[in-house]
Each structure stands twice: as C-alpha cells, then as structure tokens.
Amino acid sequence: MQTFQKGGAAGQKLAQGMCCGRWGGMMDGRCGGMMEGMMMGGEMPRGVDPAQLPEPQSAGARLVNQYCTQCHGLPTPALHSAPGWSPVVGRMNARMQWMRQNNSMGIAAPTPEELQAILGYMQIHAAK
C-alpha cells in the first residue's frame, strides 16, 4: 500500500486508490467500515491493470474500471464464480448508491443499466 500525507496533517496516512484513502481517515466511518479489516491486519486485494481485464475495451470492462476503482483496486472477474458475483456487485452497488445519495466523498453510482452491464461482464468472465 502506498501512503502519503494529506495536506500536511501530521500522522494521517492515506491509502492511494481506496475510498477512505482519498478523502479521510481509515476508520472515521465514511467508508461504512470497509477499511477496518485493513487496519486490523487485513489487506485489500491488489487491483489489476485495466489492460489485464478480459476484453479490456468492452463496455463492461470500462464500467468496472470507472465505478469499482472509486474505492479499491480494479478487481479481476476471476476473483469470484459467476453466481458469486451477484451478491458482491449488489453489496458494492448498495454502498455506492448510499454514498451518492448522501453526497459522500463524491462517489458516483451506476445506473440500473450500467449495473447490469457490470454484473454481466463479471459473470461472463468469472472463475470457472
């Protein structure tokens, strides 16, 4: 994890590319507790380079890159099975929708059509 100082605030480390890393302290509640596991010794999965995604120029790959990287590294579809992606995408969408509705950290959320494209892309290219 790459860290840097935020605006000269002594001791406040930020994780580049993660939602709390962009806007504030790791456990100040603005990420819905997503980062607490990291602080307790866990680690977020490293993201992949967008060029490493299957069909990297497809609409699905572009949407995954656009929305998913707002809070964490770019996930590869092989992280889950096709059925496993549905609850993951649903959970992440719920967080993005909540953050968008509450004007939290400038997070954008996908439209229903974009959400279906993201889920379809992840399921088509999921772990076998």
Side-chain angles (χ1 to χ4, degrees):
M1 168 171 52
Q2 182 178 359
T3 60
F4 56 95
Q5 296 295 321
K6 178 184 177 190
Q12 189 173 22
K13 292 184 177 182
L14 304 176
Q16 184 175 3
M18 296 177 193
C19 77
C20 292
R22 291 183 185 168
W23 297 283
M26 292 286 202
M27 296 190 338
D28 64 2
R30 290 184 279 174
C31 287
M34 291 186 289
M35 304 305 289
E36 289 181 27
M38 273 187 59
M39 296 300 291
M40 302 303 169
E43 197 171 308
M44 291 288 277
R46 292 191 185 271
V48 299
D49 184 284
Q52 293 178 305
L53 289 176
E55 301 180 45
Q57 299 304 317
S58 68
R62 287 194 312 269
L63 289 169
V64 167
N65 190 34
Q66 175 182 341
Y67 289 108
C68 300
T69 61
Q70 295 179 103
C71 293
H72 53 73
L74 181 61
T76 176
L79 285 175
H80 300 285
S81 66
W85 273 113
S86 186
V88 171
V89 170
R91 185 174 62 249
M92 296 297 106
N93 182 54
R95 289 177 177 168
M96 287 185 288
Q97 296 294 337
W98 184 90
M99 288 182 199
R100 183 189 58 77
Q101 290 170 359
N102 290 285
N103 197 26
S104 180
M105 302 177 287
I107 296 292
T111 65
E113 295 79 17
E114 290 173 324
L115 186 65
Q116 286 304 312
I118 290 168
L119 179 58
Y121 173 81
M122 297 307 254
Q123 288 179 325
I124 287 169
H125 299 290
K128 304 296 180 219

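The residues of the chain are indexed from 1 along the displayed sequence.
Among pairs with a residue in residues 73-88, none fulfils side chain to side chain donor-acceptor pair (under 3.5 Å), at least two apart in sequence or across chains. The side chain to side chain donor-acceptor pair (under 3.5 Å) analysis of residues 119-128, with sequence neighbours excluded, yields the pairs Glu55-His125.
A continuous path of hydrophobic side-chain contacts links Leu79 to Leu53 [ILVMFWY only; heavy atoms under 4.5 Å]. Hydrophobic clustering (side-chain heavy atoms under 4.5 Å, transitive across Ile, Leu, Val, Met, Phe, Trp, Tyr) groups Val88 together with Met96.
Within 6.0 Å of atom CD in Gln101, more than 12 heavy atoms from other residues, nucleotides or ligands are found, so the atom counts as buried in its surroundings.
Counting heavy atoms from C-beta outward, Met122 and Pro75 have side chains that approach closer than 4.5 Å.
Applying the side-chain contact (heavy atoms from CB on, under 4.5 Å) rule to Pro50 yields the partners Asn65, Leu74; only residues at least two apart in sequence or on another chain are considered. Scanning for side-chain contact (heavy atoms from CB on, under 4.5 Å) contacts around Ala117 gives Leu63, with sequence neighbours left out. Taking Asp49 as the reference, Ala51, Gln52 meet the side-chain contact (heavy atoms from CB on, under 4.5 Å) condition, with sequence neighbours excluded.
Of all heavy-atom pairs spanning Pro54 and Ala61, the tightest one is O-CB, 4.2 Å.
If you take CZ on Arg95 and SG on Cys71, they are separated by 8.5 Å, rounding to the nearest 0.5 Å. Rounded to the nearest 0.5 Å, atoms CD1 (Ile118) and CG (Asn93) are 8.0 Å apart.
With hydrogens and angles ignored, the 3.5 Å screen pairs no side-chain donor or acceptor of Gln116 with any backbone N or O of Thr111.
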